[in-house]
Trainee: 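Quick one: the structure is below, and I'll ask about it shortly.
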Amino acid sequence: MASLSLRHIYKKYPGGVTAVSDFNLEVKDKEFIVFVGPSGCGKTTTLRMIAGLEEITEGELYIGDTLVNDVAPKDREIAMVFQNYALYPHMSVFENMSFGLKLQKTPKEEIKRRVEEAARVLDITHLLDRKPKALSGGQKQRVALGRAIVRNPKVFLLDEPLSNLDAKLRATMRTELTKLHARVGTTFVYVTHDQVEAMTMATRIVVMKDGLIQQVDTPQHLYDAPCNIFVAGFIGTPQMNFINGTLNKKGEDVYFDFDGVSVKFPADKANAPELADYIGKEVIVGLRPEAISDEANVVAATPDSSLDVDVDVTELMGAEIYLYLNVGEETRLIARVSSRSQSRAGDKIKVAFDMSRLHVFDKDTERCVLH
């Protein structure tokens with residue numbers, strides 16, 4: 001098993017296009033690292049550089065203690081699982097899974113043992129004689145994983161492996177991959193644009209944008225303490241509400257004024273030294289949908305952070321309801337409330353902000369000033 005070290009990695013293409021800039025990351029042995037970001041952010045390019053399928057323009061890549069910049073892909077002791085599975089259609093499942101071992105001239109008995117063990121772990125023993133065309137999407141995915149497992153790689157690289165599956169199967173395979181990581185005990189590096197996959201599987205998440213790392217952190221810390229507006233908006237469904245307004249001091253208290261509404265900051269946040277330079281200035285306040293409540297007892301208990309809103313649309317999600325709200329002329333909010341909520345489209349209601357959970361962002365730099 002192995003750690004992975006990427007030090008000041010760049011990928012530049014002819015014509016001055018830089019796909020990845022100054023990428024620095026230390027991946028510990030047996031970690032499940034997920035690269036997440038919008039299309040074109042450089043996450044797959046970075047994965048392909050680790051695999052050796054893309055040349056590194058600048059920087060150093062270590063697998064364990066070995067510098068592998070100039071090491072051929074087949075000698076890097078990594079295994080890659082692709083989005084399209086890349087199975088050989090004329091070969092059986094057994095032959096697909098054993099192909100890489102045959103190329104390495106592994107003894108037949110050892111090949112048989114490894115393939116059968118991987119098939120047992122992935123619950124595909126009954127499929128070993130079938131051809132890929134006779135398999136479902138989920139079964140093909142397991143075969144592709146099995147082909148990687150049998151090689152006992154130091155690092156698993158997975159490039160959006162679940163994107164071709166339907167929603168239900170994707171949820172099942174997320175769980176299976178997490179269990180597989182625990183059983184195999186190998187370093188996993190996983191690429192996805194789906195932040196739900198990232199949040200549910202990763203030990204740490206690398207959020208990327210325009211070839212640059214925005215933040216590297218645990219899923220929970222990314223959610224609770226995003227470093228900027230991009231990360232705050234990318235992680236979480238529905239996404240965080242962003243409200244433009246001004247911070248004003250009234251006596252000893254600090255208020256956030258927007259669209260004719262004024263809500264009071266809690267004392268601990270109002271007195272935070274980070275806010276001192278922003279009094280009287282425009283800021284952006286971020287609030288997660290679950291931090292907005294329409295429950296009458298909550299509204300009554302927090303008059304300083306309650307406001308009148310118009311309900312525009314409601315979406316019943318089963319266990320919860322999303323309320324799309326209008327405040328004044330310009331501010332649009334989404335609240336995630338209980339499925340017992342009586343709020344309906346067209347209603348004028350009161351909601352309360354949980355001000356202990358707000359985030360304050362600098363309007364110009366978009367960096368987070370206060371959590």
Side-chain angles (χ1 to χ4, degrees), residues 4 25 27-39 41 43-44 46-47 50 79-83 85 121-123 136-142 144-146 148-149 155-209 213-227 230-240 286 288-291 315 317-322 334 336 339 357 359:
L4 196 62
L25 183 67
V27 182
K28 301 187 200 78
D29 186 23
K30 299 180 184 175
E31 261 200 296
F32 198 134
I33 287 278
V34 177
F35 295 168
V36 70
S39 297
C41 71
K43 55 190 186 296
T44 294
T46 305
L47 195 77
I50 297 170
M80 190 155 177
V81 179
F82 296 92
Q83 184 177 347
Y85 319 135
V121 167
L122 292 163
D123 194 23
S136 68
Q139 290 168 336
K140 286 177 185 172
Q141 184 58 73
R142 286 166 195 262
L145 286 166
I149 290 170
V155 182
F156 266 97
L157 306 177
L158 301 104
D159 186 12
E160 305 210 24
L162 308 185
S163 60
N164 291 341
L165 305 179
D166 64 61
K168 185 181 178 186
L169 191 52
R170 208 157 52 226
T172 305
M173 284 302 293
R174 279 204 306 266
T175 311
E176 291 300 319
L177 275 172
T178 306
K179 288 196 283 192
L180 180 65
H181 173 252
R183 277 200 298 263
V184 176
T186 309
T187 306
F188 275 44
V189 182
Y190 187 104
V191 161
T192 182
H193 62 271
D194 183 338
Q195 51 100 7
V196 175
E197 284 180 21
M199 291 290 285
T200 51
M201 295 194 293
T203 48
R204 283 191 302 155
I205 297 173
V206 180
V207 183
M208 295 181 68
K209 178 192 178 193
I213 293 178
Q214 301 294 304
Q215 190 171 353
V216 182
D217 224 320
T218 62
Q220 193 61 53
H221 202 259
L222 268 184
Y223 191 81
D224 293 337
C227 70
F230 175 79
V231 175
F234 196 84
I235 299 294
T237 307
Q239 80 159 33
M240 184 183 284
R288 296 273 181 207
E290 60 271 23
E315 287 182 347
M317 307 303 287
E320 58 200 10
I321 293 174
Y322 296 164
I334 303 176
R336 175 191 274 150
S339 60
R357 298 170 71 181
H359 308 263

Trainee: Grab the two heavy atoms, one from Pro238 and one from Pro289, that are nearest each other, plus how far apart they are.
Mentor: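 Of all heavy-atom pairs spanning Pro238 and Pro289, the closest is O-CG, 3.6 Å.
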
Trainee: State the OG1-CZ distance between Thr192 and Arg170, to the nearest 0.5 angstrom.
Mentor: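 Rounded to the nearest 0.5 Å, the OG1-CZ separation comes to 8.5 Å.
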
Trainee: Could you tell me which residues satisfy salt bridge (charged side-chain N to carboxylate O under 4.0 Å, His left out) with Arg336, sequence neighbours excluded, listed by chain and number?
Mentor: Glu290, Glu320

Trainee: Side chain to side chain contact (heavy atoms under 4.5 Å, CB included) between Leu25 and Val27: does it pass, once the steps are laid out?
Mentor: CA-CA 6 Å; Leu25 183 67; Val27 182; 3.7 Å; yes

Trainee: Could you walk me through whether Thr187 and Phe156 pass the side chain to side chain contact (heavy atoms under 4.5 Å, CB included) check?
Mentor: CA-CA 6 Å; Thr187 306; Phe156 266 97; over 6 Å; no

Trainee: Rounded to the nearest 0.5 Å, what separation is found between the CG atom of Leu4 and the CD1 atom of Ile33?
Mentor: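 Atom-to-atom, Leu4:CG and Ile33:CD1 are 9.0 Å apart.
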
Trainee: When you measure from the side chain of Gln139 to the backbone N and O of Ser136, does any donor-acceptor pair fall under 3.5 Å?
Mentor: yes

Trainee: Taking the side chain as every heavy atom from C-beta outward, state whether Ile321 and Glu315 have any atom pair closer than 4.5 Å.
Mentor: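 No. Closest side-chain heavy atoms not under 4.5 Å.
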
Trainee: Would you find a donor on one side and an acceptor on the other, under 3.5 Å apart, between the side chain of Lys43 and the backbone of Pro38?
Mentor: yes

Trainee: Is there side-chain contact between Val36 and Met208, with heavy atoms separated by less than 4.5 Å?
Mentor: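 A side-chain contact under 4.5 Å is absent here.
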
Trainee: With a 4.5 Å limit on heavy-atom distance, are the side chains of Leu222 and Val207 in contact?
Mentor: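 The answer is yes; the side chains approach within 4.5 Å.
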
Trainee: Taking side chain as C-beta onward, heavy atoms only, is Met199 less than 4.5 Å from Gln220?
Mentor: no

Trainee: When rounded to the nearest 0.5 angstrom, what is the spacing between OG1 in Thr200 and CD in Gln195?
Mentor: 9.5 Å

Trainee: Identify the heavy atoms of Ala148 and Val81 that sit nearest to each other, and give their distance.
Mentor: CB-CG2, 3.9 Å

Trainee: Report yes if some heavy atom in the side chain of Leu180 is under 4.5 Å from a heavy atom in the side chain of Leu122; otherwise report no.
Mentor: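 Yes, side chains in contact.
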
Trainee: Search all heavy atoms of Thr237 against all heavy atoms of Tyr322 and return the closest pair with its distance.
Mentor: O-OH, 4.1 Å

Trainee: To the nearest 0.5 Å, what is the distance between NZ (Lys28) and OG1 (Thr203)?
Mentor: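 If we round to the nearest 0.5 Å, Lys28:NZ and Thr203:OG1 are 7.5 Å apart.
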
Trainee: How long is the span from the CE atom in Met173 to the CG atom in Leu145, to the nearest 0.5 Å?
Mentor: 5.5 Å

Trainee: Take His359 and Met240 through the test side chain to side chain contact (heavy atoms under 4.5 Å, CB included) and record every step on the way to the result.
Mentor: CA-CA 10 Å; His359 308 263; Met240 184 183 284; 3.4 Å; yes

Trainee: Determine yes or no for a side-chain-to-main-chain donor-acceptor pair under 3.5 angstrom, with Gln215 supplying the side chain and Cys227 the backbone.
Mentor: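 Indeed, once roles are kept as given, a pair shorter than 3.5 Å links the two residues.
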
Trainee: What's the separation between atom CG in Leu157 and atom OG1 in Thr44, rounded to the nearest 0.5 Å?
Mentor: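 The CG atom of Leu157 sits 11.0 Å away from the OG1 atom of Thr44.
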
Trainee: Give me the ring orientation class for His181 and Phe188: parallel if the planes are under 30° apart, tilted from 30 to 60°, perpendicular past 60°.
Mentor: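 Perpendicular, since the angle between the ring planes exceeds 60°.
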
Trainee: Under the side chain to side chain contact (heavy atoms under 4.5 Å, CB included) rule, what do Arg183 and Val121 come out as? Steps first, then yes or no, please.
Mentor: CA-CA 9 Å; Arg183 277 200 298 263; Val121 167; 3.3 Å; yes

Trainee: With heavy-atom distances below 4.5 Å as the criterion, would you say the side chains of Val189 and Phe32 are in contact?
Mentor: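 No. Closest side-chain heavy atoms not under 4.5 Å.
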
Trainee: Do Arg174 and Val196 come within less than 4.5 Å of each other through their side chains, counting heavy atoms only?
Mentor: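 The answer is yes; the side chains approach within 4.5 Å.
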
Trainee: Taking only residues two or more places apart in sequence, or in another chain, which ones meet Glu31 in a salt bridge (charged side-chain N to carboxylate O under 4.0 Å, His left out)?
Mentor: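 Scan of Glu31 (salt bridge (charged side-chain N to carboxylate O under 4.0 Å, His left out), adjacent residues dropped) gives Arg204.
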
Trainee: For Asp166, give me all partners under side-chain contact (heavy atoms from CB on, under 4.5 Å), at least two apart in sequence or on another chain.
Mentor: Lys168, Leu169

Trainee: Any chance the side chains of Glu197 and Tyr190 put a donor and an acceptor closer than 3.5 Å?
Mentor: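 Per modelled atom types, Glu197 and Tyr190 side chains form a pair under 3.5 Å.
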
Trainee: Side-chain contact, heavy-atom cut-off 4.5 Å: Ile205 with Val216?
Mentor: no

Trainee: Tell me the closest heavy-atom pair linking Lys209 and Cys41, and the distance in Å.
Mentor: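 Scanning both residues completely, I find the closest heavy atoms to be CA-CB, 3.9 Å.
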
